[in-house]
Amino acid sequence: MSLAQGRHYLAIPGPSVIPDRVLQAMQRPAPNIYAGELPDMMPGICADLKSIARTDGQCAIYIANGHGAWEAALSNVASRGDKVLILATGRFGHGWAEIAQAMHLDVEVISFGKRAPVDAARVADRLAADTKHEIKAVLTVQTDTSTSIRNEIKPLRDALDGADHPALLMVDCIACLACDRFEMDAWGADVMVTACQKGLMTPPGLSFVFFNERADAARETADLVTRYWDWRPRAWPEHFYQFFGGTAATHHVYGLRAALDMIAEEGLEHVWDRHAQIARAVWAAFERWGADGPLEMNVADPAMRSHAVTALRIGAPHGTRLRDWLSSETGLTLGIGLGMADPASPDWHGFFRLGHMGHVNAHMILGALGAIDAGLKALEIPHGRGALEAAAEVCAGR
Ligand SMILES: *Cc1c(COP(=O)(O)O)cnc(C)c1O
């Protein structure tokens with residue numbers, strides 16, 4: 001019998017769970033876009049976004065998803081034919097590379113595979129070999145949502161500085177801003193892109209490009225910049241409409257305001273710590289299940305795992321069977337495996353992901369893990385014992 005009635009839990013890695021407070025803030029008639037509350041809210045929103053990005057730099061807002069932010073960021077710093085180096089640890093690194101390619105950049109990808117993080121020593125070697133400084137920017141993804149690998153950003157800044165290389169460091173934090181610790185200025189990122197529908201808990205539709213003075217200096221000569229994607233009027237608007245390059249994303253602004261208030265009330269450090277502890281509870285459960293049977297976390301070393309999402313390997317066809325069963329029988333929807341196998345191949349059915357980003361607390365995650373435990377049993381997928389106890393121990397702070 002299906003036990004799926006009740007509140008459905010969408011535990012895919014984005015869009016993440018939207019807090020009622022965010023939804024309620026958006027439930028209103030169209031606001032005036034010329035004066036009053038909406039324009040008045042913008043300085044505070046920009047300040048709060050910068051404090052979450054840990055930067056004193058600038059923030060440009062786009063009515064776009066993460067793909068839009070990828071393109072916006074590149075258009076402001078690059079010219080046709082410029083060389084960019086992309087450090088890929090999953091599908092999203094390659095996705096950014098495809099965007100760059102389509103913008104007629106000279107794209108070089110170093111792929112570190114699907115199970116290992118970026119190796120800063122290899123990057124340092126590549127930069128040292130670029131004696132003519134042809135590489136204009138180094139692009140990477142902090143948390144690649146497809147693999148759940150979390151990359152260290154500071155060592156990449158050190159590699160650039162060590163090679164005395166002027167390339168910009170550009171980081172995709174779309175999956176993990178306000179989940180995994182990120183320090184834009186302290187770690188030396190020149191550009192950071194993110195979007196609102198993951199750690200920022202707001203329906204998809206807004207994305208953000210943060211940039212520092214070095215990146216803005218590159219904007220001076222970038223020939224890919226177009227009127228709409230130009231970050232300058234958005235970051236330094238003389239009129240309210242310039243924040244959005246046209247009509248404001250009215251309701252999203254209210255939703256985002258509520259989400260930023262929630263993050264501020266909890267405190268960013270606490271938000272990071274909560275994600276870390278919830279991630280450890282998730283890993284403890286998967287560790288136990290995996291002790292017997294086919295289930296295995298994609299990233300072996302916990303130090304290299306994101307706190308926002310966990311990618312799993314369970315062997316075909318168990319991934320799809322488990323996702324389907326959980327969704328129809330328990331009201332829990334897990335993420336598909338992304339970029340792990342060709343969608344046309346039977347192997348594609350051997351993966352899944354659990355998103356644990358944003359508006360997620362202990363009872364939600366313990367409930368999700370309990371449902372997965374039921375699924376493994378119902379489908380007779382071999383698994384080790386003690387997973388839920390192990391997760392509860394972590395949630396209990398032991
Ligand atoms: C979700 C995601 C994207 C793509 O964002 P869209 O809003 O779907 O365009 C890019 N990079 C990472 C790391 C992501 O998690």
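Just follow the structure's listing: the first ligand is 1, and inside any ligand the first atom is 1. Quick caveat, the model's predicted, so the values are computed rather than measured.
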Any heavy atom of Ala195 under 4.0 Å from ligand 1? The part involved is neither
Counting both backbone and side chain atoms, is some N or O of Thr143 under 3.5 Å from an N or O of ligand 1? no
Aromatic centroids of His165 and His133 separated by under 6.0 Å: yes
Is the shortest N/O to N/O distance between Gly66 and ligand 1 below 3.5 Å? yes
Check the orientation of His307 and Trp283. Use parallel for under 30°, tilted for 30 to 60°, and perpendicular for over 60°. tilted
Close-contact set for ligand 1 against Lys198 heavy atoms, below 4.0 Å: 1 (C), 2 (C), 3 (C), 14 (C), 15 (O)
Should you measure from each heavy atom of Trp70, which atoms of ligand 1 turn up under 4.0 Å away? 10 (C), 11 (N)
Under 4.0 Å from a heavy atom of Thr145: which atoms of ligand 1 are those, numbered in the order shown and with their elements? 12 (C), 13 (C), 14 (C), 15 (O)
Under 6.0 Å from the NZ atom of Lys377, do we count more than 12 heavy atoms belonging to anything else shown? yes
Test applied, side-chain contact (heavy atoms from CB on, under 4.5 Å); reference residue, Leu338; option that passes from Phe352, Phe92, Phe351: Phe92
I'd like the name of whichever of Leu206, Asn65, Asp172, Val193 reaches closest to atom 11 (N) of ligand 1 through any heavy atom. Asp172
From Phe210, Phe208, Trp70, Trp229, residue fulfilling ring pair (Phe, Tyr, Trp, His ring centres under 6.0 Å) relative to Tyr62: Trp229
Are Gln27 and Tyr254 close enough, and set up right, to give a side chain to side chain donor-acceptor pair (under 3.5 Å), and what steps lead you there? CA-CA 9 Å; Gln27 178 70 33; Tyr254 281 95; over 6 Å; no
With the threshold set at under 4.0 angstrom, would you say Asp144 reaches ligand 1 through any of its heavy atoms? no
Can you check which of His67, Gln142, Gln197 brings a heavy atom nearest to atom 7 (O) of ligand 1? Gln197
Please list, in number order, the atoms of ligand 1 under 4.0 Å from a heavy atom of Val141. 13 (C)
Is it the case that one hydrophobic cluster holds both Leu177 and Leu156, taking links as side-chain heavy atoms less than 4.5 Å apart, direct or via other members? yes
